[in-house]
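Data block below; observations after.
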8 protein chains.
Amino acid sequence: MGSDTDLPVMSEAVKTLQEFGIPFEVEVTSAHRSPQRTHEYAHTAAERGLKVIIVGAGGASHLAGVVAAETILPVIAVPVVTTPLGGLDALYSTVQMPGGIPVGVMAVDKPGARNAAIYAAEILATADGALAERLRRHKEELARSVEEKSARVKQQFESP
Amino acid sequence: MGSDTDLPVMSEAVKTLQEFGIPFEVEVTSAHRSPQRTHEYAHTAAERGLKVIIVGAGGASHLAGVVAAETILPVIAVPVVTTPLGGLDALYSTVQMPGGIPVGVMAVDKPGARNAAIYAAEILATADGALAERLRRHKEELARSVEEKSARVKQQFESP
Amino acid sequence: MGSDTDLPVMSEAVKTLQEFGIPFEVEVTSAHRSPQRTHEYAHTAAERGLKVIIVGAGGASHLAGVVAAETILPVIAVPVVTTPLGGLDALYSTVQMPGGIPVGVMAVDKPGARNAAIYAAEILATADGALAERLRRHKEELARSVEEKSARVKQQFESP
Amino acid sequence: MGSDTDLPVMSEAVKTLQEFGIPFEVEVTSAHRSPQRTHEYAHTAAERGLKVIIVGAGGASHLAGVVAAETILPVIAVPVVTTPLGGLDALYSTVQMPGGIPVGVMAVDKPGARNAAIYAAEILATADGALAERLRRHKEELARSVEEKSARVKQQFESP
Amino acid sequence: MGSDTDLPVMSEAVKTLQEFGIPFEVEVTSAHRSPQRTHEYAHTAAERGLKVIIVGAGGASHLAGVVAAETILPVIAVPVVTTPLGGLDALYSTVQMPGGIPVGVMAVDKPGARNAAIYAAEILATADGALAERLRRHKEELARSVEEKSARVKQQFESP
Amino acid sequence: MGSDTDLPVMSEAVKTLQEFGIPFEVEVTSAHRSPQRTHEYAHTAAERGLKVIIVGAGGASHLAGVVAAETILPVIAVPVVTTPLGGLDALYSTVQMPGGIPVGVMAVDKPGARNAAIYAAEILATADGALAERLRRHKEELARSVEEKSARVKQQFESP
Amino acid sequence: MGSDTDLPVMSEAVKTLQEFGIPFEVEVTSAHRSPQRTHEYAHTAAERGLKVIIVGAGGASHLAGVVAAETILPVIAVPVVTTPLGGLDALYSTVQMPGGIPVGVMAVDKPGARNAAIYAAEILATADGALAERLRRHKEELARSVEEKSARVKQQFESP
Amino acid sequence: MGSDTDLPVMSEAVKTLQEFGIPFEVEVTSAHRSPQRTHEYAHTAAERGLKVIIVGAGGASHLAGVVAAETILPVIAVPVVTTPLGGLDALYSTVQMPGGIPVGVMAVDKPGARNAAIYAAEILATADGALAERLRRHKEELARSVEEKSARVKQQFESP
């Protein structure tokens, strides 16, 4: 993540990786304030054995693009709302990457952070049957949880 | 893709997959006009051996979300500009997925379609060393091509 | 509605249906988290005797479109504000439906939820004279209530 | 429609009503340039036997709201792009109706005009079984047409 | 104003008219909820001796346009923020009037309400020398007040 | 107007002033490129006998505000589309004037330029009965012209 | 700054100038409320020995442009969020300056105010080696501070 | 500039630097496609004797930020319109830089490119009296050119 102020959002990703039992490392590094550290981190990520990189950053959010420039690992980006422009600055500066350097962008803020972790799981599951099985169960639980919520809501209303 | 009118944009993805030697299938199916076909396609994609699904659609672009709802494969989305709202409709309706069902969104139109294919290659390369090597060479070629363009542009200008 | 978190908004629709004496059922079902349940619900709605379907959802709000894809009943949508994009994501992803699959979109949040119920009443009233009469009286009450408010506000001000 | 310049867009609605065999009348009347005529038109619509009113207008698009203020018939609105604001002016000024006076809004421009007619058909079909049957067949044709397009597109590509 | 909920904003206009000693009347009337009353009000405004009409309304803010359609008096509009779209709905639906029916639009919310009253004063002052003189003094007071604020702020800071 | 490139838009205002027989002067002056000339022009406008000032400008459109700062005459602004931001830059920088210095803003581009002239006529007509009469006739012609257009459009369509 | 209400934002610039030991003066003056004072201030700024002017203002933010029109000193602008339009009005009315009269625009609100001071330091450092050295040290401290934050965040998480 | 496709816009900057007699070098380098070259270029710019860096780039426009991260020279950015998002992506991703790393942003496209060069001249002129004199003459020519345009436009119109 680009700053420790992104932590309340990005900790959703951490919690979700833990749910799925996926090992991870957490790093704060900035495209603008610590550029050399960022480049070195991204440049050596693949050889250090990382498989996927999740990036959360706000404002003129260059971190995901700068990381993607230095690695062939899939980069997943979470636009974080940190300015009065309501996340559009982070969204546009993350999603509009030029041809050649892809970044996979999630929703802004917490739903995006949770989804970044699930998307990482989906990527890893293309070569990991056990993880694929956990994702399938997660999907079933989502459906079940909707059914339970529906039952609870229905109880509150009586049609005349 | 959601309609054959998305083909001029999405054929960028096809060309790029061919460049990287990645086998693929092409399908037109609509979240709204052919919902059952779409669900069946997405629901059976994993068991038919697909590893990644690239979706291109415009307007109220529900196709990527509807596909992601039915599969645990990573879904990559390309928002296509098909209305006077300049692609914001396709972008917002693709990127703002709720927690639990991720979609990895690329840039609007052709750069996004090219990047969708490269991103698919990056995902597959997490378990395919030869493809990873091709991605590394592609990155080097991008850098070389920028240098050549710079040399050509520099020749046009003489500082006073 | 797509989630029980939409309830504070969508209960405006419920209250208004009750005001007009229109029988209804309430359901929580998600285009993304419980796709099969959603399809079955929409697919069988007409044969179960439903006449109109009101859908409330936020973010990349695909629920109304997904329901409209499976039924020929009129679908009325309420874009709910659930993200930092201020409802534009829900609005664009609901209103920009492709040719062939209409959705009738109301204002975002509570005024839209109330209007969804009145619009449903207007649709039903095309074949129900008693309901039409209630709608006519409702219009008269609206006009009267404006007159009363005007009188109250006028009392507060004295022109010099 | 608010102006004869809206005709290229709104004739999509006319063609679609003709496809479904729905009788209609066409009127140009403006909320701003011919207010009295507009009010009279809307005020007497129900008693003249109209069942649904489709309104197309652009810019500060008040026509649908002004018509809805005077009738209890369902009003369907098509925001038409007539200014450099790309249809957002027409969309916002149509969709954000206050509680009490609903308007059902379609997509901007031609897809919206086509959908307005289909939506009118769906409303009428709530009390017209033959029309409901035509709508069901239309849905099947949409699905078939997607399949045919898919087959044509597939023929163009060979996976390596 | 379109609703008594616009009062906290529009009372700025009232206060400012009182400051300038301009007689006025206050009315709540809605383009949508009390259309006939609104038309009659606007239609008879000139003959009742009104010179200028100030309109405040939010959302799909049709009131200023509907009033302007019925009168040749200058109409001044204040877009009021009443929805999650941040006033853009009220702004666009007020400012984008079609050729033939002008409305003079002010800033959103309170500064706009204050300015509406000053603008009314400027219009009346084109034929009222005493009012023109008050406006000139108001301009001088504005300049003086900025100077005083500047002096206060300067005292807080010492350059190193 | 701020530049001679605004002339194709602003000549709509000139034509309309001529239609209504209102004497006028045309000036090109820039808030940024010729600030002193602009200030002098605005500062002396009232004493030179001007009654209303119409300003057209694009981009960061400061001209109307800068003129309004120097005069107590009513200033009418036309946001002109001169940049890729589609007129939003000109609209926002014209309409969001701070409390104390009003500008009456019209629609972007040609409809706004035409309306600026009609609005000027409405302002002058508050003290000119003959001009008021011409405005009343103009309103009647607008209504008649809509009726004629409606008749022509109706002829093209036959209901089945 | 255009108003003393901009002080909570603009005091970030003051603090930062103090950090870098750059002498400064603070002034409140408005493009609209005190135009003559503003013009005189800007017109005489260079001859009074100023090197750079930082401007903070919100809404239809004309101050930076009006100052830039009167001086050849570099003008740095901070768009301040003072209205419900979320800073877009201040941003667009500051950044879209016409060819010939540049303004260097920073981010909205506090980060922009801090950056305005650092940018002023960078401009002055083009001819001041000691200041350049301080900027280099500031950059190193930024990088160090990111490292420390990263260490703190890493301690909170343990990968499973 | 980030790509040779930015040349038609950025050559405005080159022409303007030539007008002012300012020596320059032209470089194409990409934050994403040639990151190492970009970093080296920016990192060594000050010691190679550059005083100011002008950056033009479009889309998710990270180049200015990435350059600013590596140098204490003032960086001037021109957002170039290269995507269907109309330059908002380039604008937001350039202007919303985090505190600590300023970039001075100009208008989108050609006016911004011309202004970038003038702004560079203003920065250099803080320590170069001859250049300051040229800037003063340029300002006078701008004012004169407006006067000439005004005279030409005035000749076209005769007030009745």
Side-chain angles (χ1 to χ4, degrees), chain C residues 12 16 46 50-52 68-77 79 87-88 91-92 94-128 131-139 141-143 145-146, chain D residues 12 16 46 50-52 68-77 79 87-88 91-92 94-128 131-139 141-143 145-146:
Chain C
E12 285 292 311
T16 309
L50 297 189
K51 292 287 190 186
V52 179
E70 300 273 5
T71 184
I72 61 157
L73 297 178
V75 174
I76 305 172
L88 287 190
L91 175 56
Y92 291 179
T94 307
V95 84
Q96 286 292 79
M97 289 294 292
I101 311 290
V103 165
V105 182
M106 302 288 124
V108 298
D109 273 4
K110 289 195 178 179
R114 176 160 177 79
N115 277 350
I118 299 176
Y119 201 63
E122 291 183 351
I123 289 171
L124 297 171
T126 58
D128 176 344
L131 186 51
E133 191 48 37
R134 265 174 307 204
L135 282 164
R136 250 174 250 119
R137 277 205 305 272
H138 170 253
K139 257 195 152 51
E141 282 153 31
L142 283 177
S145 133
V146 170
Chain D
E12 285 291 312
T16 308
L50 297 190
K51 293 286 190 186
V52 179
E70 299 272 5
T71 185
I72 61 156
L73 298 178
V75 175
I76 305 172
L88 286 191
L91 175 56
Y92 290 179
T94 307
V95 83
Q96 285 292 79
M97 290 294 290
I101 311 292
V103 165
V105 183
M106 303 288 125
V108 298
D109 274 3
K110 290 196 176 178
R114 177 161 177 77
N115 277 350
I118 299 175
Y119 201 63
E122 290 182 352
I123 290 171
L124 297 171
T126 58
D128 177 344
L131 186 51
E133 190 49 37
R134 267 178 307 217
L135 282 164
R136 251 175 248 117
R137 278 206 304 272
H138 171 252
K139 254 195 155 52
E141 281 154 32
L142 283 177
S145 134
V146 170

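Just so we're clear, the structure is a prediction, and the values are computed from it rather than from any experiment. Convention: sequence-line order gives letters A, B, ...; per-chain numbering from 1.
Partners of C:Leu142 under the side chain to side chain contact (heavy atoms under 4.5 Å, CB included) rule, at least two apart in sequence or in another chain, are C:His138, D:Ile101, E:Arg33. D:Ala143 meets the side chain to side chain contact (heavy atoms under 4.5 Å, CB included) test with B:Ser34; sequence neighbours excluded. Partners of C:Glu141 by salt bridge (charged side-chain N to carboxylate O under 4.0 Å, His left out), not counting sequence neighbours: none found.
For the options D:Ala125, D:Pro98, D:Ala127, heavy-atom pairs under 4.5 Å to chain C are most numerous at D:Pro98. Of the listed residues (C:Ile123, C:Leu135, C:Val108), the one with the most heavy-atom contacts under 4.5 Å to chain D is C:Ile123. Note: D:Val103 leads D:Val103, D:Thr16, D:Thr94 in heavy-atom pairs under 4.5 Å with chain C. Between chain D and the options C:Ala77, C:Ala69, C:Pro79, heavy-atom pairs under 4.5 Å are most frequent for C:Ala69. The choice from C:Ala132, C:Gly100, C:Pro102 that makes the most heavy-atom pairs within less than 4.5 Å of chain D is C:Pro102. Between chain C and the residues D:Met106, D:Lys139, D:Lys51, the largest count of heavy-atom pairs under 4.5 Å involves D:Lys139. Of the listed residues D:Asp128, D:Ile76, D:Val75, D:Leu124, the one with more heavy-atom pairs under 4.5 angstrom with chain C than any other is D:Val75.
Contacts between residues 112-121 of chain D and chain C, counted as heavy-atom pairs separated by less than 4.5 Å, involve D:Asn115, D:Ile118, D:Tyr119.
Residue contact with chain D, scored on non-hydrogen atoms closer than 4.5 Å, is absent for C:Leu50. Neither the backbone nor the side chain of D:Glu133 comes within contact range of chain C; no heavy atoms are under 4.5 Å apart. For chain D, the nearby part of C:Ala68 is the backbone; its heavy atoms alone come within less than 4.5 Å.
Remark: C:Leu131 CG to C:Arg136 CZ distance equals 10.0 Å, nearest 0.5 Å.
In terms of heavy-atom proximity, D:Ile72 sits nearest to C:Glu122 at O-CG, 3.3 Å. When every heavy atom of D:Leu91 is checked against every heavy atom of C:Leu91, the shortest pair comes out as CD2-CD2, 4.5 Å.
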